[in-house]
> 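Sharing a structure below in structure tokens format, with a few things to ask.
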Protein chains: 2
Amino acid sequence: MHSEVVASRSAEQRDSTRESRNGTPHLDAVSLAIIEQLQEDGRRPYAAIGKAVGLSEAAVRQRVQKLLDQGVMQIVAVTDPLTVGFRRQAMVGINVEGDVEKIAEALTDMSEVEYVVMTAGSFDILAEIVCEDDDHLLDVINKRIRSLPGVRSTESFVYLKLKKQTYMWGTR
Amino acid sequence: MHSEVVASRSAEQRDSTRESRNGTPHLDAVSLAIIEQLQEDGRRPYAAIGKAVGLSEAAVRQRVQKLLDQGVMQIVAVTDPLTVGFRRQAMVGINVEGDVEKIAEALTDMSEVEYVVMTAGSFDILAEIVCEDDDHLLDVINKRIRSLPGVRSTESFVYLKLKKQTYMWGTR
DNA sequence: CTGAGACCTGCGGATTTCGCAGCAGTCCGC
DNA sequence: GCGGACTGCTGCGAAATCCGCAGGTCTCAG
């Protein structure tokens with residue numbers, strides 16, 4: 001009736017989450033299904049999730065706790081920054097000479113920087129900035145980022161309109 | 001003892017959330033405080049939140065429900081895409097001739113596209129793509145995006161390493 | 001064979017959620 | 001000034017959920 005994900009766990013995937021060589025835990029189908037449930041509604045009761053994935057309430061609870069402890073997922077409220085009073089956002093492409101990782105670390109430490117990723121292509125790093133107003137944004141980009149030793153150049157893309165933002169990884 | 005956010009709501013901010021002219025609801029300090037609580041832990045009990053912000057359990061519950069209904073926030077599980085099996089990600093900068101909004105809409109409809117924003121600067125649109133492997137990524141960029149009528153050019157930045165990703169807007 | 005470890009189930013008791021009735025303050029129009 | 005509509009908060013009791021813990025099963029290693 002209700003789609004059971006698995007029943008006879010025939011070897012191989014007991015140990016629902018286990019370290020693989022690169023350090024990221026491997027997830028089995030059931031944990032994935034649990035995550036999907038929580039991506040639809042982070043407050044869905046464990047019993048309801050259990051019914052959906054074919055597990056007892058307690059088992060779901062233990063798995064969720066483990067996923068949280070391991071840092072595989074987190075359950076949080078996400079908002080539209082505009083609504084919460086941050087009126088200027090920008091993506092900044094950065095070119096670095098020398099240690100890219102080091103610059104990335106420095107960006108990570110800035111509270112206005114929401115997102116940092118090292119990339120291949122004509123930028124070494126992309127960083128998303130969330131600010132209260134133009135002055136604040138200008139300050140962060142010009143004073144704090146461009147002055148980092150090793151930053152060769154930056155290019156800014158000020159956000160005009162956010163069209164889509166989902167958190168539905170694994171739900172398709 | 002426990003930091004009350006407000007007590008005498010002296011006019012002005014009854015109507016905790018109200019439409020301002022641009023359509024985005026205005027949030028008062030208490031709702032902001034509630035959001036902060038839920039950004040730390042999306043499953044925190046209403047009573048605990050109430051204690052923190054100085055409201056009854058029922059009041060917090062009503063406010064949270066309203067914030068969800070209005071779409072101001074959503075409570076969801078967020079994960080590291082890599083852990084869930086999406087091994088290739090990229091940011092794509094796009095230049096458009098003609099109706100930018102239209103292209104943005106088209107991108108929004110693609111399930112692999114996680115994030116779409118219209119920008120000022122040398123790209124008209126930035127879109128984040130989440131894929132399972134290289135083939136999938138190539139397919140989305142070359143076949144689906146570049147073939148959209150009006151797309152003049154694209155530039156891709158394949159993700160090498162995600163360094164930071166927070167959901168703490170309003171928490172600083 | 002035996003012990004350790006991972007994972008699941010079942011079950012009470014504590015806690016939380018939920019729905020609702022009641023109350024207070026504001027903003028109308030009359 | 002005074003109802004009436006509206007919004008938001010509180011306080012409750014009932015229902016549902018969460019939580020901890022004591023087993024049980026399976027697998028692997030020695």
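Chain letters run A, B, ... following the sequence lines, proteins first and then strands; every chain starts at 1.
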> What class does the angle between the rings of F123(B) and F157(A) fall in, given that below 30° is parallel, 30 to 60° is tilted and above 60° is perpendicular?
parallel
> Mind calculating the distance between CZ (R43(B)) and P (dA16(D)) to the nearest angstrom?
18 Å
> What is the distance, to the nearest angstrom, from the CG atom on L38(A) to the P atom on dC18(D)?
10 Å
> Select one nucleotide: of dT9(C), dT10(D), dT17(D), the one nearest the side-chain heavy atoms of P45(A).
dT17(D)
> In whole angstrom, give the distance that lies between atom CD1 of I49(A) and atom P of dC19(D).
12 Å
> Expressed in angstrom and rounded to an integer, what is the separation of I34(A) atom CD1 from dC7(C) atom C1'?
12 Å
> As an exercise, state the distance from CD of E57(B) to CD1 of I49(B), rounded to the nearest 0.5 Å.
10.0 Å
> Using heavy atoms to find the nearest nucleotide of DNA chain D for Q65(A) and S56(B) separately, return the residue whose nucleotide is more 5′.
S56(B)
> Give me the distances for all protein-to-nucleotides 19-21 of chain C N/O pairs that come in under 3.5 Å?
residue, atom, partner, partner atom, Å
dG19(C), N7, R61(B), NH1, 3.2
dG19(C), O6, R61(B), NH2, 3.2

> Return yes if some donor-acceptor pair links the side-chain N/O of R146(A) with the main-chain N/O of V151(A) below 3.5 Å, else return no.
no
> Distance check needed: dT10(D) P versus K51(B) NZ, whole Å only.
13 Å
> Has K164(B) got a side-chain atom pairing as donor or acceptor with L107(A)'s backbone, closer than 3.5 angstrom?
no
> With a 3.5 Å distance limit and no angle check, can you tell me whether N95(A) reaches the backbone of S122(A) through a side-chain donor-acceptor pair?
yes
> Would you say I34(A) and L32(A) are hydrophobically clustered, going by side-chain heavy atoms of ILVMFWY under 4.5 Å?
yes
> Starting at CG of L27(A) and ending at P of dC7(C), how long is that distance when rounded to a whole Å?
12 Å
> Would you indicate, yes or no, if dG8(D) has its OP1 or OP2 atom less than 4.0 angstrom from a side-chain nitrogen or oxygen of K66(B)?
yes
> Can you tell me the distance, in whole Å, between the CD atom of Q70(A) and the C1' atom of dA6(C)?
12 Å
> Hey, are D28(A) and R63(A) close enough for a salt bridge, meaning a charged N less than 4.0 Å from a carboxylate O?
yes
> CZ of R44(B) versus P of dC18(D): gap in Å, rounded?
16 Å
